[in-house]
Amino acid sequence: MDPQLLKQFMAEGKMPNFSLLAAKGSFRLLTTSIPPQSPVAWSNLITGMNAGGHGIFDFIHRDPHTLQPYFSASRVEPPKRGIRLGNWVVPLGGGSAEQLRQGKSFWETLDAYGVPNLIFRMPSNFPPVPAKGKTLSGMGTPDLRGSYGTFSFYTDDPLKTAGAVEGGQIVPVEVKESQVSANLVGPDNTFRKGSPPALEPFTVSVDPLEPVAKFVVQDEKFVLREGEWSDWVHIQFQLIPFIGNVKGICRFYFKQAHPRFELYVSPINIDPADPALPISTPKSYSRELSEEVGEFYTQGISEDTKARSAGVLDDKEYLQQSRTVLAEHRKIFDLEFPKFHSGLFFFYFSSLDLNSHMLWRLIDPHHPEYDSPLAAEFGSALPEFYQQIDQVLGEVLQRADDHTTVLVLSDHGFAPYNRSFNLNTWLLNRGYITLKNEPNPDQSQAFANVDWSRTRAYGLGLNGLYLNLRGRERKGIVEGAEADRLLKEIKEDLLGVRDSQNNLAAITRVDLASEAYQGPYARQGPDLIVGYNRGYRAGWQTILGNFPADVFEDNTNPWSGDHCMDYTLVPGVLLSNRPIAAPHPALTDIAPTIFAEFGIPKPGGMMGHTVF
Ligand SMILES: [Zn+2]
């Protein structure tokens, strides 16, 4: 939730419950994390510490020895050892998932003091830490393939290039005598030699004249008209006969019957009724929930922004999908909230974040992807998501009595993302990076072409800049006093960068890790945190260590709003039904505030203070 948009919608009378809360209680800007990325921000809230204390610095970290990037929040590993039996590898011990965040979550402390709590879809909590109360994991939870969401798009259109796209795959099919046979792609079958992905066939019988088809997926049969979505469809992947099965759920969207066959299948989600990886505490909670409200998205980022960016779903279709996600969350909220009588109840809604990312170009005429017919048709969608959150707040305020403290917060605000800054290309042009060969803009291997013996600094992740440090990086060359001097030089250099298109500063703030972070992990992240101006963000390619030709590019991706910027320019919001005393509350104050409300002493190492 962005404070500027919130104020605008309140002034327009669209957010009556927020207006009421702001008038009777308090409304403050909430200082976000450095950098203002969700996994970092929510870890600040969860632990009451900054990244030096919880060790999450960015969506993407790197191994300093290999410089291989990896997702920072969790690691999913297949079974490590096995016995070969022909084509089958019989596993010794199951696969595992490991949470990489450090530091204690506030609800573990609440558990220790006997305060009942429910924690719904807290980001950066996969797999969920052991807890006494009900928790369901959120952002960071993979789909059944272990990815952060891989959709499939089946088509006989020869113009659609088959193969992997960002966040999905295009699968060519043939329509033979009105029949399509294809496979759903499951997890890599680590039980088989070479670990091929597990496949399960399905068939589609397309009516030769009408835009309608019959689908058969294992023992489920259903009919969809063109433009219709299926309910959740159950699928079981057989990994090893009779022993190793995993269950998933997915939704089918029949995009087009004729003249071309077009079918979207959502990422295959972990089945909450029988989860293949841990997604809740107690383990039975996700099943109990599915028994009461039906199946629901379990993958961390449920809104299929990748299918929209790949052009597989258009705005109308993306919005249908995205509204379903919010409808599921509201259904669960309406089930759980009335059951709550004392303790702490935490509920996370993802809709404002993901939809602000995708729909900014429809509310902002200055955005390079602004399109007035599309804006006329779908420009009201983002305000409508805000209004739905206002309705939820209405339900909360109606039930909360005078002894109940209500906190409404967003971990960061929002800004347009008009222009990309390719940090690694800039470092190359400024002589901080040397390549072995001429730069190849198409190279897919991160840093494959970098001559590390003549490279002093590199960018990785959305805001990170690292020195090539001797003793840390495998081929590090920077050492001693030179490191500090170089960091100051690069910082000054970055703050002077102007976008020649409009002469704006692209970078308004650069933080030294040594000043920004406190705690045992403070030196494990980047050395500089690059804070972009509103309108700017690290380019899509530079994040993973590639070198597009130009330093600046227009952002033409439908992902058009962002917040991975100068943290002082994208504050979140904090509202309460009680007067907030702190003039500048921060995310790190939330856990201490919760403890103060329950009379629990603040644990050592926590940075903040109660906001009241
Ligand atoms: Zn976001």
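Whatever order the structure lists ligands and atoms in, that order sets their numbers, starting from 1.
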Step by step, work out the side-chain hydrogen bond (donor to acceptor under 3.5 Å, both in side chains) result for N422 and E553.
CA-CA 8 Å; N422 291 314; E553 293 173 307; 3.1 Å; yes

Under 3.5 Å, which donor-acceptor pairs link side chains of residues 385-393 to any protein atom two or more places apart or in another chain?
| unit_1 | atom_1 | unit_2 | atom_2 | d |
| --- | --- | --- | --- | --- |
| Y386 | OH | D2 | N | 2.9 |
| Q388 | OE1 | R330 | NH1 | 2.8 |
| D390 | OD1 | N17 | N | 3.0 |
| D390 | OD1 | F18 | N | 2.9 |
| D390 | OD2 | N17 | N | 3.3 |
| D390 | OD2 | N17 | ND2 | 3.1 |
| Q391 | OE1 | R330 | NH1 | 2.8 |
| Q391 | OE1 | R330 | NH2 | 3.3 |

Which atom pairs, one a donor and one an acceptor, fall under 3.5 Å between side chains of residues 119-126 and the rest of the protein, sequence neighbours left out?
| unit_1 | atom_1 | unit_2 | atom_2 | d |
| --- | --- | --- | --- | --- |
| R121 | NE | H329 | NE2 | 3.4 |
| R121 | NH2 | Q299 | O | 3.1 |
| R121 | NH2 | G300 | O | 2.8 |
| R121 | NH2 | S302 | OG | 3.1 |
| S124 | OG | P39 | O | 3.2 |
| N125 | OD1 | Q99 | NE2 | 3.4 |
| N125 | OD1 | V129 | N | 3.2 |

Do R361 and D315 meet the salt-bridge criterion of a basic N to acidic O distance under 4.0 Å?
yes

Pairs in or reaching into residues 34-62: which pass salt bridge (charged side-chain N to carboxylate O under 4.0 Å, His left out), with residues at least two apart or in two chains?
R62-E473

From the Zn ion (ligand 1), how many protein N/O/S atoms are found at a distance short of 2.8 Å?
4

Side-chain contact test, heavy atoms from C-beta onward, threshold under 4.5 Å: evaluate it for D304 versus P267 and give yes or no.
yes

